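First up is the structure itself, then whatever we jot down about it.
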Amino acid sequence: MVRCLALVLCAGCCVAASPGLPYAPRPGGTPLWWLNWHNDHGGLGYNRDDYRSTQVSVAGLPCADWVAAADYSILTRRGPSRDRPDPPGTEGRIDQLTLTLGPSFTRRSDDRRWRSRWQLGTGLRITDRLEGESLQNNWHRTYGASTVHLDYETTERVDGLVWAGTEIERAWGAGRYRHGLWAQAQALVTTDGQTDATFALHAFLAGRRWQGWTGLRYEHRAGYVDPTMINATRHERGTHLVLGTALGPMHYEAARILDNQAGFMRVGFSLQPGRTQTAISPDAVALQVGAILDAFALQTQARWAPRRLATALGEKTIVTLALDFRAGRVDGDRLARAEIYAYQATVGVDLNRRLADTGFWSHVDPFLTASVGWRREGVEDLERGRQSGDPQSDRVVGLLDLGVRLRMTPIAAELDSSLFVAGSAWAPVSAATGNWRGRSFRYQEPGIALLSGVSFRFDL
């Protein structure tokens with residue numbers, strides 16, 4: 001279960017607001033849900049590829065006046081040699097998962113120029129081996145970066161926590177553009193004595209679908225005892241200069257820690273309050289792009305159906321024909337100095353169900369895709385590439401995806417966008433046997449993985 005959750009939340013190298021707290025990603029009101037990926041590439045300072053080496057946060061309002069959040073972080077402490085082993089005690093790694101829940105109360109002035117949000121809640125923080133090394137190195141292999149092998153700290157701990165937060169916004173202007181001030185403050189304390197706090201003040205300018213902001217954010221971290229966590233939290237605490245922008249459902253923020261000149265960025269998606277989806281017709285075209293996280297393969301999918309088929313099961317259940325193509329790596333560790341690649345093309349049916357007409361659940365669409373088609377798997381030598389005569393086989397394959405699509409703030413009146421996550425299972429009609437460097441192995445076997453990405457629907 002932890003591995004599956006970690007795969008959903010995997011990404012690059014970063015620092016953000018207090019991990020695990022529902023820090024709003026943009027001005028204009030707390031989103032119904034949001035997802036952030038944090039990385040030190042694309043920031044306003046230097047990139048160390050260390051410390052809080054991977055972080056993704058997700059949060060939302062699952063029901064009225066309640067907020068929930070989750071944060072998955074991989075923390076590393078590279079020694080002086082960085083890419084070579086260092087003496088014991090000078091390097092290490094640890095993973096952290098923080099979950100929080102609490103009531104959230106929002107107040108607005110009658111003219112909607114003042115807005116405040118007040119929160120108080122509880123949660124859990126898990127510090128342990130949570131597949132961080134495997135996830136980080138699999139990600140590095142996909143773009144040719146060197147792998148990072150560090151011994152884990154001995155910590156295995158689950159701590160309770162309490163937290164509180166507030167957000168205040170003051171806006172001026174009622175025409176095409178609005179400007180104002182946006183402030184946030186959040187803090188948590190764990191039963192182990194860890195304290196995290198965030199204090200931020202920004203000035204912003206907002207149009208109908210665009211927002212921009214800049215300001216300062218101060219990060220406090222204290223009470224950590226593990227060497228790797230001490231190293232990471234000491235690096236990220238201090239005053240951050242922030243510059244951010246948002247367009248439709250997408251937001252981006254770059255930061256620079258003024259105390260040590262380190263740079264960071266975050267990019268993500270959100271569904272803003274009051275931004276309901278437009279009435280896209282049932283026979284709209286859908287394009288979907290995703291990644292199979294466990295195997296680090298890519299997916300592209302196109303969906304469409306004539307209106308009569310699309311509404312055959314009612315207005316809330318959309319039926320479409322789905323053409324799906326996937327390519328990537330199956331397992332890079334099974335064979336010596338080689339990996340198994342796969343190509344797969346299938347055609348089938350997608351069922352997308354709308355749960356409600358209003359509220360948070362009106363933006364959560366469960367879906368099921370069932371299809372059949374062709375799958376090729378083969379062996380690629382990591383040194384000399386693919387050669388004629390290397391093991392390769394083709395099979396008929398069945399595919400089943402089951403998940404949810406989270407609809408986002410519209411980009412345009414004719415464009416409906418969603419973030420999706422699903423479990424994906426495939427089963428070739430039979431396994432294949434091959435021989436690699438004198439060793440017999442099986443491939444073309446059934447598999448299951450997590451699939452995540454973005455889906456767009458638009459009228460032609």
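Both backbone and side-chain heavy atoms feed into the values below; hydrogens, waters and symmetry mates do not. This one's a predicted model, so the numbers in the text were calculated from it and none came from an experiment.
Asn231 and Tyr224 are not linked by any side-chain donor-acceptor pair at a separation below 3.5 angstrom, with hydrogens and angles left out of the test. Judged purely by distance below 3.5 Å, without hydrogens or angles, the side chains of Arg26 and Ser270 pair a donor atom with an acceptor atom. When only modelled atom types and interatomic distance are considered, Thr198 and Asp196 share no side-chain donor-acceptor pair under 3.5 Å. No hydrogens or angles considered: nothing links the side chains of Thr190 and Arg125 as a donor-acceptor pair under 3.5 Å. For Thr317 and Arg353, the side-chain atoms include at least one donor-acceptor pair closer than 3.5 Å. Between the side chains of Arg93 and Thr76, no donor N or O sits under 3.5 Å from an acceptor N or O. In this model, no donor atom of one side chain and acceptor atom of the other lie less than 3.5 Å apart for Ser104 and Asp65. Using modelled atom types, one finds a donor on one side chain and an acceptor on the other under 3.5 Å when comparing Thr369 with Asp350.
Taking a 6.0 Å sphere around CZ of Phe325, one finds it holds more than 12 heavy atoms contributed by other residues, nucleotides or ligands. Other residues, nucleotides and ligands contribute only 12 or fewer heavy atoms inside 6.0 Å of the CH2 atom of Trp118. Counting non-hydrogen atoms of other residues, nucleotides and ligands closer than 6.0 Å to CZ of Arg170 gives a total above 12. Heavy-atom neighbours of Asp259 CG from other residues, nucleotides or ligands within 6.0 Å: above the threshold of 12.
Among all heavy-atom pairs drawn from Leu201 and Ala183, the shortest one is CD1-CB, 4.0 Å. Residues Ala59 and Ala69 come closest through the heavy atom pair CB-CB, 3.7 Å. Taking all atoms of both residues into account, the shortest heavy-atom contact from Arg221 to Pro19 is NH2-CD, 3.8 Å. Of all the heavy atoms in Glu219 and Ser18, the pair that sits closest is OE1-N, 3.8 Å. Smallest separation of non-hydrogen atoms from Leu130 and Tyr72: O-OH, 2.7 Å. Considering every non-hydrogen atom in both Gly223 and Gln194, the closest pair reads O-CG, 3.9 Å.
Using bins of under 30°, 30° to 60° and over 60° for the plane-to-plane angle, the ring pair Phe420/Phe367 lands in the perpendicular bin. By the 30° and 60° cut-offs, the orientation of the rings of Trp182 relative to Trp213 is perpendicular.
The existence of a salt bridge linking Arg217 and Glu253 is confirmed by a sub-4.0 Å separation between a basic side-chain nitrogen and an acidic carboxylate oxygen. Glu91 and Arg77 are not joined by a salt bridge, as no carboxylate oxygen comes within less than 4.0 angstrom of a charged side-chain nitrogen. Asp401 has no carboxylate O lying under 4.0 Å from a charged side-chain N of Arg303, or vice versa, which leaves the two without a salt bridge. Look at Arg129 and Glu153 and you find no salt bridge, because none of the NZ, NE, NH1 or NH2 atoms lies under 4.0 Å from a carboxylate O.
One distance of note links NE2 of His240 with CZ of Arg256; it measures 12.0 Å at 0.5 Å rounding. A distance of 10.0 Å separates OG of Ser455 from CG of Asp365, quoted to the nearest 0.5 Å. Here the straight-line distance linking atom CG of Leu406 with atom OG of Ser418 works out to 7.5 Å at 0.5 Å rounding. The OH atom of Tyr252 sits 10.0 Å away from atom OG1 of Thr245, with the distance rounded to the nearest 0.5 Å. Distance OG1/Thr228 to CG/Leu150: 8.0 Å, rounded to 0.5 Å. Atom CG in Leu323 sits 7.5 Å away from atom OG1 in Thr346 (nearest 0.5 Å).
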Might you work through the side-chain contact (heavy atoms from CB on, under 4.5 Å) test for Thr195 and His220, ending with a clear yes or no? CA-CA 8 Å; Thr195 59; His220 167 79; 3.4 Å; yes
Quiz: residues 158-165 side-chain donor-acceptor pairs under 3.5 angstrom, not counting sequence neighbours:
residue, atom, partner, partner atom, Å
Asp159, OD2, Arg157, NE, 2.8
Trp163, NE1, Thr122, O, 3.4

